[in-house]
J.: 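Starting off with a structure, shown below.
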Amino acid sequence: MKGSFTALRCMLQTSRHHGVFSSLARRLSSASGPGPKVCIVGGGPAGFYTAQHLLKARDDMVVDVYERLPVPFGLVRFGVAPDHPEVKNVINTFTQTAQHERCYFYGNVNSYGAEANRSMRVSGEGLAGVFSARDFVGWYNGLPSNKELQPHLNCETVVILGQGNVALDVARILLSPLDLLKKTDITQHALDTLAASRVRRVLIVGRRGPLQIACTIKEVREMINLPDTAADMLPADFESISEALKDLPRPRKRLTELMMKTVKTESGQHKANKSWGFRFLRSPLEVLPGPDGKRVAGIRLAVNKLEGSGEDAKAVPTGQTEDLECGMVISSIGYKSLPIDPCVPFDPRSAIVPNNMGRVKDTAGLYCSGWVKRGPTGVIATTMNDSFDTARMLLKDMDSGMLNLSVNKPGGQEITALLKERGVRAVSFPEWEKINLEEVRRGTAVGKPREKFLDVKDMLAVAWS
Ligand code: NAP
C-alpha cells in the first residue's frame, strides 16, 4: 500500500542556544568524537528518516535520537490506523537505522512532537462528548496521555468535522465490525468500548464542497466497503459538479467519480444497520448542549457557498444555519505544532518553524523536519522526502563551513551526565526491543499483532527488568 501517515517533526541541533531546550542542545553536537554529531529531537518518522540519510551520507557521522516516550516511531505507532498494518512496515527501516552502530536512541527524555490540534474556536467545544480526533486516535492507538479519554459511545449519531484522512480513519474505526478490529493492534480498552457502542450513523462534515474534499480515494473506498454500512450522501451536493470533472487532475477526478457513483448506487438504500455520509458546505458555529447543559446534543452549522473554484475555492457563509442532532462531535480539522522554546523561531500564524529547506531561520546549526517544517499535511512518503531534504541542507552547510565544526563540543556523553544529574534514566533501543517483544507476546496470546502498554510506568518496568 502507498505510504500513509506522515508525522511529527524533529529538530536537529548542531549549535548553541538558550533555555531548557538549549541547555540540552548546547552540550550536544559537533566534533567531540571522530566525526560530527547531530542530535535529533523526536523519534517519529521525520526524525528517523533524517537520521537514515545523515548516517548514510557520512561514515563518520554520529546521530543521537531523543524521544519523549520510552517507545519510538511517533505517529506510526500512535497515529496510523490499527487496520492499516501495511503502513507500519516502515518501522522495519526505522529499526535498522536505530540499530546502526553510529545511531543512539534515548527514549523517556522529554522532547518534541506535533502535540496540539487546531481549535474549532466555537462555543460548546468544552462539552462532554466533544473530542479532538488527535485525542480519539491517541486513545484507540494506546497513547499514554489519552488512555483516560473514555469516549462513551452511547449515542446513535457522531458528527466528525473535517474531511481529511484522519476524519475517515476515525469514522471507519467507529463503524468497523468488531471481528475485524480484534485482529489489529487496537488497544483492548478501545475494543471493549467499541463492543458496547451504540453508534450507527457517522456524518463527516466539510466546510467546502466535494471537489475540495481532503481525503484520498483509498480511504473513501474503505468506507464504501464497510460491511453492513450504507453510504448516505445527498445527491444535490453532486448535481452541479459533473461539468468540472473533465478538467480535474487525475486523482481528484477518480475520487469525485467514485463519490458520484456511490451517490447513484447507494443513496436511498436503507437495508444496512449503519450508515456514513459526507455533508458539504457546512462550518461549525456552536456545539449545542442537551437539557443538562453538560453533554453535547447537536451542532449548529453555518451553511456556506463557495467563492472561486478548484483547490483554492473559499467557503463563505450564506447567513443560513442548520442544526444536526448528534451525541458526539469529533473535531478533525488538523494537527498543530507548538512553540518549543523561546530560542527557536516559531510562526504562530502558520504554526511552523520558519525555515529554508529545513534550515531554521536566523538560528545557525538548527534544522527542522516533518510537520513543524511544512505544516500538518502529507503522507509518510512526503515526510521521507522532506526529511532527506533537511539532511541534505545540513550536510551542505557542514561542507561549506557554515557550521563551526571545529568548536569542541562534548556531545551526547554530556547529555547523559545531565540526565543523570536530573534523575532521568533514558530507554535505549535494546530496552525498547524488550518492550516490543513483550507487547507482541501479549498480542499473540489474544490473536493480535501486539497489545500495547498504555502506561509509561509499565513500559519502563519491562524495559528495565
Ligand atoms: P487534512 O488532510 O489537512 O484535513 C483537514 C480537514 O479539516 C479538511 O477537510 C479541512 O478543510 C478541514 N478544516 C481545517 N480547518 C478547518 C476549520 N477551521 N473549520 C472547518 N474545517 C476545517 O488533515 P488530517 O486529516 O488531520 O490529516 C493530516 C495529514 O495526514 C494529511 O496529509 C493526511 O492525508 C495524512 N493522513 C494520511 C492517512 C492515510 O494515508 N491513510 C491517514 C491519516 C492522515 P479545508 O480543505 O477546507 O481546509
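Small disclaimer: the values here were computed from a predicted structure and weren't measured.
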J.: So do the side chains of Y140 and H189 get within less than 4.5 Å of each other, counting heavy atoms only?
T.: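 The answer is no, as the side chains (C-beta and beyond) never meet within the 4.5 Å cut-off.
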J.: Under a 3.5 Å cutoff, is there a donor and acceptor pairing between the side chains of T216 and E219?
T.: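 Yes, E219 and T216 have a side-chain donor paired with an acceptor closer than 3.5 Å.
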J.: Which heavy atom of C103 sits nearest a heavy atom of T97, and at what distance?
T.: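 Answer, listing the atom of C103 first, then T97: CB-O, 3.3 Å.
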J.: So does R441 pair up with E438, basic N to acidic O under 4.0 Å?
T.: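 E438 and R441: salt-bridged.
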J.: Identify whether NZ of Lys or CZ of Arg in R425 sits under 6.0 Å from the centre of the six-membered ring of W464 and within 45° of that ring's axis.
T.: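 Yes, a cation-pi geometry.
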J.: Would you indicate whether the side-chain heavy atoms of S428 and Y104 approach each other to under 4.5 Å?
T.: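 No, their side chains stay 4.5 Å or more apart.
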J.: Taking the side chain as everything from C-beta on, heavy atoms only, tell me whether I241 gets closer than 4.5 Å to T256.
T.: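 Side-chain contact under 4.5 Å: yes.
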J.: Report yes or no: do T95 and N92 form a side-chain donor-acceptor pair below 3.5 Å?
T.: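 Judged by distance alone, the side chains do not pair up.
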J.: State, without any angle test, whether Q52 and Q96 hold a side-chain donor-acceptor pair at a distance under 3.5 Å.
T.: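 No pair is found: no donor N or O on one side chain lies under 3.5 Å from an acceptor on the other.
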J.: Taking atom types as modelled and ignoring hydrogens, do the side chains of R450 and N436 form a donor-acceptor contact shorter than 3.5 angstrom?
T.: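 Side-chain D/A pair, R450 to N436: present.
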J.: To the nearest 0.5 angstrom, please state how far the CG atom of L245 sits from the CZ atom of R252.
T.: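 One gets 11.5 Å once the value is rounded to the nearest 0.5 Å.
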J.: Is it true that the side chains of K448 and T184 contain a donor and an acceptor less than 3.5 Å apart?
T.: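 No - no donor-acceptor pair under 3.5 Å links their side chains.
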J.: Does atom CD of E325 have more than 12 heavy-atom neighbours from other groups under 6.0 Å away?
T.: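 For E325, atom CD is not crowded (no more than 12 foreign heavy atoms under 6.0 Å).
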J.: Would you indicate whether the side-chain heavy atoms of L394 and V38 approach each other to under 4.5 Å?
T.: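 They are in contact (side-chain heavy atoms under 4.5 Å apart), so the answer is yes.
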J.: Provide the closest heavy-atom pair for M459 versus V71 in the form atom of the first, atom of the second, distance.
T.: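 It is SD-CG1, 3.8 Å.
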J.: Quick one: sort the F73 and F429 rings into parallel, tilted or perpendicular, breaks at 30° and 60°.
T.: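 Rings of F73 and F429: perpendicular, as their planes differ by over 60°.
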J.: Between the side chain of E286 and the main-chain N/O of G124, is any donor-acceptor distance below 3.5 Å?
T.: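 Between the backbone of G124 and the side chain of E286 there is no qualifying donor-acceptor contact (under 3.5 Å).
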J.: Is it the case that the side chain of T93 and the backbone of I91 share a donor-acceptor pair, with hydrogens and angles ignored and the cut-off at 3.5 Å?
T.: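 Side chain of T93 to backbone of I91: no pair is present.
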J.: Show your reasoning for whether side chain to side chain contact (heavy atoms under 4.5 Å, CB included) applies to N141 and T187.
T.: CA-CA 6 Å; N141 272 336; T187 53; over 6 Å; no
J.: Taking E451's backbone N and O only, do any of them form a donor-acceptor pair with Q188's side chain (distance below 3.5 Å, no angle check)?
T.: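 No, Q188 side chain to E451 backbone: no donor-acceptor pair under 3.5 Å.
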J.: Should L174 and L153 count as side-chain neighbours, where that means a heavy-atom distance under 4.5 Å?
T.: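 They are in contact (side-chain heavy atoms under 4.5 Å apart), so the answer is yes.
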J.: Does Q212 form a side-chain hydrogen bond (donor to acceptor under 3.5 Å, both in side chains) with Q163? I'd like the steps, not just the answer.
T.: CA-CA 9 Å; Q212 289 78 32; Q163 296 179 322; over 6 Å; no
J.: Are the side chains of E439 and K452 in contact, using a 4.5 Å heavy-atom criterion?
T.: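 K452 vs E439: side chains touch.
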J.: Tell me if a side-chain donor or acceptor on N108 pairs with a main-chain N or O of L69 at a distance below 3.5 Å.
T.: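 Checking the backbone N and O of L69 against the side chain of N108, no donor-acceptor pair under 3.5 Å is found.
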J.: Evaluate D228 against K274 for salt bridge (charged side-chain N to carboxylate O under 4.0 Å, His left out), listing each step before the verdict.
T.: CA-CA 6 Å; D228 195 22; K274 295 175 283 178; 5.3 Å; no
J.: Angle class for the F48/F105 ring planes (parallel below 30°, perpendicular above 60°, tilted otherwise)?
T.: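 Ring orientation, 0 to 90° scale: parallel.
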J.: Angle class for the Y49/F94 ring planes (parallel below 30°, perpendicular above 60°, tilted otherwise)?
T.: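 Because their plane-to-plane angle is over 60°, the rings of Y49 and F94 count as perpendicular.
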J.: Go through the steps to decide whether T157 and M328 satisfy the test side chain to side chain contact (heavy atoms under 4.5 Å, CB included), and finish with yes or no.
T.: CA-CA 7 Å; T157 304; M328 185 182 284; over 6 Å; no
J.: Rounded to the nearest 0.5 Å, what separation is found between the CD1 atom of I186 and the CG atom of L194?
T.: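 Result: 5.5 Å between the selected atoms.
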J.: F280 ring centre to R207 NZ or CZ under 6.0 Å, with the angle to the axis within 45°?
T.: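 No, a cation-pi geometry is absent between R207 and F280.
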J.: Determine yes or no for a side-chain-to-main-chain donor-acceptor pair under 3.5 angstrom, with S332 supplying the side chain and A167 the backbone.
T.: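 Pair found, side chain donor or acceptor close to backbone of A167.
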J.: Of all the heavy-atom pairs spanning F78 and V137, show the shortest one and how long it is.
T.: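 Residues F78 and V137, closest heavy atoms: O-CG1, 3.5 Å.
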J.: Between atom CG of L203 and atom CG of D232, what is the distance when rounded to the nearest 0.5 Å?
T.: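 Answer for the CG-CG pair, L203 versus D232, is 6.5 Å.
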J.: For the atom pair CZ (R121) and CG (L285), what is the distance rounded to the nearest 0.5 Å?
T.: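 Those atoms lie 15.0 Å apart.
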J.: Any idea which heavy atoms bring P284 and L161 closest together, and the distance?
T.: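 Scanning both residues completely, I find the closest heavy atoms to be CB-CD1, 3.9 Å.
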J.: Do the non-hydrogen side-chain atoms of M223 and L175 ever get within less than 4.5 Å of each other?
T.: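 Contact flag for M223/L175 side chains = yes.
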J.: Once rounded to the nearest 0.5 Å, what's the spacing between atom CZ of R295 and atom CG of N154?
T.: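 CG of N154 is found 5.5 Å from CZ of R295.
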J.: Working note: E322 + R300, criterion salt bridge (charged side-chain N to carboxylate O under 4.0 Å, His left out); need CA distance, chi angles, decisive distance, verdict.
T.: CA-CA 6 Å; E322 179 183 282; R300 179 154 302 151; over 6 Å; no
J.: Quick one: does D64's side chain get under 4.5 Å of Y106's, heavy atoms only?
T.: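 Yes, their side chains come closer than 4.5 Å.
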J.: Please assess L301 against R279 for the test side chain to side chain contact (heavy atoms under 4.5 Å, CB included), listing each intermediate value before the final yes or no.
T.: CA-CA 11 Å; L301 301 164; R279 293 293 179 267; over 6 Å; no
J.: Quick one: list whatever passes side chain to side chain donor-acceptor pair (under 3.5 Å) with R200, sequence neighbours left out.
T.: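 Side chain to side chain donor-acceptor pair (under 3.5 Å) check on R200 returns nothing, list empty.
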J.: Look at the side chain of S275 and the backbone N and O of A230, then say whether any donor-acceptor pair between them is shorter than 3.5 Å.
T.: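 Side chain of S275 to backbone of A230, a donor-acceptor pair under 3.5 Å: no, none is there.
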J.: Indicate the ring-plane relationship of F278 and W276, choosing parallel, tilted or perpendicular according to the 30° and 60° boundaries.
T.: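 Judged by the thresholds at 30° and 60°, the geometry between F278 and W276 is perpendicular.
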J.: Over all heavy atoms of both residues, which pair between A231 and T262 is shortest? Give the atoms and the distance, please.
T.: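 In terms of heavy atoms, the two residues are closest at CB-CG2, 3.5 Å.
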J.: Looking at K373 and V360, would you say the former's side chain and the latter's main chain have a donor-acceptor pair under 3.5 Å?
T.: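 No: the side chain of K373 does not pair with the backbone of V360.
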J.: Where do I352 and R374 land on the side chain to side chain contact (heavy atoms under 4.5 Å, CB included) test, with the steps shown first?
T.: CA-CA 7 Å; I352 62 166; R374 64 172 196 276; over 6 Å; no
J.: For the side chain of S176 and the backbone of L181, is there at least one donor-acceptor N/O pair under 3.5 Å apart?
T.: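 No; judged by distance alone, with no hydrogens or angles, the pair does not exist.
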J.: Hey, is the main chain of A463 close enough, under 3.5 Å, to the side chain of K434 for a donor-acceptor pair?
T.: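 Yes, K434 side chain to A463 backbone: donor-acceptor pair under 3.5 Å.
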J.: Within this structure, what is the CG-CG distance for the pair L211 and L306, rounded to the nearest 0.5 Å?
T.: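 Separation between the atoms: 8.5 Å.
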J.: Shortest non-hydrogen contact from A391 to H53?
T.: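 Of all heavy-atom pairs spanning A391 and H53, the closest is CB-CD2, 3.5 Å.
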J.: I'd like to know if E311 pairs up with R208 as an ion pair, taking the criterion as any Lys NZ or Arg NE/NH1/NH2 lying under 4.0 Å from an Asp or Glu carboxylate oxygen.
T.: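 Answer for the salt bridge query: no.
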J.: With a 4.0 Å cut-off on N to O distance, would you call E257 and K253 a salt bridge?
T.: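 So E257 pairs with K253 through a salt bridge.
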J.: Would you check if there is a donor-acceptor pair between the side chains of K218 and H84 at a distance under 3.5 Å?
T.: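 Distance-only check passes for H84 and K218.
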J.: Given 3.5 Å as the limit, does a donor-acceptor pair link the side chain of E67 with the main chain of G107, or not?
T.: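 Side chain of E67 to backbone of G107: no pair is present.
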J.: Got a sec, which residues hit salt bridge (charged side-chain N to carboxylate O under 4.0 Å, His left out) with D83, two or more places apart in sequence or on another chain?
T.: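 By the salt bridge (charged side-chain N to carboxylate O under 4.0 Å, His left out) rule, D83 matches R172.
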